[in-house]
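Comments concern the structure below.
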Amino acid sequence: MSKREVLNIKIKTEYIKLDSLLKYSALAETGGHAKEAVQNGEVTVNGEVCTMRGKKIRPGDIVFFENYELHVS
């Protein structure tokens, strides 16, 4: 079992959309890559698979993608 790398991501707005978060954190190379990953069910938000790329991610949310755990604050 591989260990997840934890990244703390600070946002300056009330929320950030899920696909934008993946791009902002540099885990997705392009917006298209982020969109595809979300639509393919490769991303979880607070422990649940999320296929809505426009999902609003707020401080306190935890997003898992590949071997990364994003803590949004």
Side-chain angles (χ1 to χ4, degrees):
M1 182 174 189
S2 60
K3 186 175 185 306
R4 290 186 191 260
E5 184 174 341
V6 177
L7 301 175
N8 292 305
I9 306 295
K10 291 192 185 301
I11 60 172
K12 296 176 181 167
T13 55
E14 180 184 347
Y15 65 87
I16 186 170
K17 291 183 179 179
L18 180 56
D19 59 348
S20 298
L21 174 68
L22 296 179
K23 195 170 169 205
Y24 176 71
S25 63
L27 296 183
E29 295 175 18
T30 64
H33 177 222
K35 175 182 173 183
E36 191 174 298
V38 172
Q39 289 178 334
N40 288 340
E42 299 172 26
V43 181
T44 64
V45 177
N46 299 325
E48 295 184 14
V49 172
C50 181
T51 56
M52 299 181 300
R53 62 188 178 106
K55 168 100 172 133
K56 294 177 181 177
I57 305 300
R58 293 182 160 80
D61 286 338
I62 298 174
V63 176
F64 292 100
F65 177 58
E66 294 179 343
N67 283 333
Y68 295 94
E69 181 176 322
L70 305 177
H71 291 235
V72 180
S73 59

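When hydrophobic clusters are built by joining Ile, Leu, Val, Met, Phe, Trp and Tyr residues whose side-chain heavy atoms come closer than 4.5 Å, directly or via intermediates, Val49 is not grouped with Val63. Under the 4.5 Å side-chain heavy-atom criterion for ILVMFWY residues, no single connected hydrophobic cluster contains both Tyr15 and Leu7. Using a 4.5 Å cut-off between side-chain heavy atoms of Ile, Leu, Val, Met, Phe, Trp and Tyr, with links allowed through other members, Leu22 and Tyr68 fall into the same hydrophobic cluster.
Considering all non-hydrogen atoms of both residues, Phe65 and Val43 come closest at CD1-CG2, 3.6 Å.
The closest side-chain heavy-atom distance from Arg53 to Lys17 is not below 4.5 Å. Using a 4.5 Å heavy-atom cutoff, the side chains of Lys55 and Val45 are in contact. Two residues are said to be in side-chain contact when any heavy atoms from C-beta on lie closer than 4.5 Å; Ile9 and Ile16 fail this criterion.
Listed by chain and number, the residues in a salt bridge (Lys or Arg N to Asp or Glu O under 4.0 Å) with Glu14 are Arg58 (sequence neighbours excluded). Under the side-chain contact (heavy atoms from CB on, under 4.5 Å) criterion, Val72 pairs with Ile11, Leu21, Ile57, not counting sequence neighbours.
Counting only residues at least two apart or in different chains, side-chain hydrogen bond (donor to acceptor under 3.5 Å, both in side chains) contacts with residues 40-51 comprise Asn46-Asp61. Residue pairs satisfying the side-chain hydrogen bond (donor to acceptor under 3.5 Å, both in side chains) criterion with at least one member in residues 23-38, sequence neighbours excluded, are absent.
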field: Evaluation steps, side-chain contact (heavy atoms from CB on, under 4.5 Å), between Leu18 and Met52
entry: CA-CA 8 Å; Leu18 180 56; Met52 299 181 300; over 6 Å; no
